[in-house]
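Just below is one structure, and these are the notes that go with it.
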Amino acid sequence: MLTLTFPATSRRLGLYPVVDSVEWIERLLGTGVKTIQLRIKDKRDEEVEADVVAAIALGKRYNARLFINDYWRLAIKHGAYGVHLGQEDMDVANLAAISEAGLRLGLSTHDNMEMDRALSANPSYIALGHVFPTQTKQMPSSPQGLNKLAEHIQTLGDYSTVAIGGISLDRVPAVLATGVGSVAVVSAITQAPDWRAATAKLLELAGTGDE
Ligand SMILES: Cc1ncc(COP(=O)(O)OP(=O)(O)O)c(N)n1
Ligand SMILES: Cc1ncsc1CCOP(=O)(O)O
Ligand SMILES: [Mg+2]
């Protein structure tokens, strides 16, 4: 099998909000967030292209690591910092094209087998989830829990790692104690009664990541 390579990203990506609009990207980059993902689901490329372009421009303006979820063709076309893909996406996306374009690649994993499969692609980071039950996405698997997460982090050594799924503000210290380099959150920010206060506290705990 052809061995692909992707540029490295920071070993610690810090707080990593995953959001569904350019408005959220702009708000959060304005607070000092340095790792962020645009995650728009189930639209045609033509419908999301303008948002992808705007998000990438904001990422560059704020000198942030902006990952595009799913829309890897648009991410290549417009020069995103990186792309995030799931296991099913791996079957259909052209990983070689992402590699050749020099984009970072993040891959989702939910168990040991998926971790091995992801590692064989040499991605820039490995996401591990879901750690806790989540209301944000229907998951076919059970939550991994903190012990399993800690085990995976040990196995992955110096790899850049991201934890996702049900990570509320009060759970962040325990998640970080596993040694994971980043906490990815949706509802902890977007459903917070005061998103600014929530983001400030999350940044205090998880940081902005390594340079
Ligand atoms: C950082 C991060 N981790 C995991 C996911 C989930 O990606 P995926 O499995 O492709 O599912 P969708 O987000 O596409 O529904 C993610 N987006 N970000
Ligand atoms: C996109 C995704 N992938 C695995 S869990 C998840 C949703 C995480 O959302 P929340 O932080 O609200 O639990
Ligand atoms: Mg996906």
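First listed ligand is number 1; within each ligand, the first listed atom is number 1.
The closest approach between a heavy atom of A188 and any atom of ligand 2 is not below 4.0 Å. Using a non-hydrogen distance threshold of 4.0 Å, V18 does not register as a contact of ligand 2.
Sparse packing is recorded around CD of Q135, with 12 or fewer heavy atoms of other residues, nucleotides or ligands lying under 6.0 Å away.
At a 4.0 Å heavy-atom cut-off, ligand 1 touches Q37 through the side chain alone. Both the backbone and the side chain of V186 come within contact range of ligand 2, each with a heavy atom under 4.0 Å. At a 4.0 Å heavy-atom cut-off, ligand 1 does not touch Q87 at all. Residue contacts with ligand 1, taken as heavy atom pairs separated by less than 4.0 Å, involve Y16 solely via side-chain atoms from C-beta onward. With a 4.0 Å cut-off on non-hydrogen atoms, Q135 does not touch ligand 2 at all.
Looking only at protein heavy atoms, the nearest one to atom 13 (O) of ligand 1 is R39 NE, 2.6 Å. When only non-hydrogen protein atoms are considered, atom 2 (C) of ligand 1 lies nearest to H84 CE1, 3.4 Å. The closest protein non-hydrogen atom to atom 14 (O) of ligand 1 is K41 NZ, 2.6 Å.
By the 3.5 Å distance cut-off applied to N or O atoms, D70 is counted among the residues near ligand 1.
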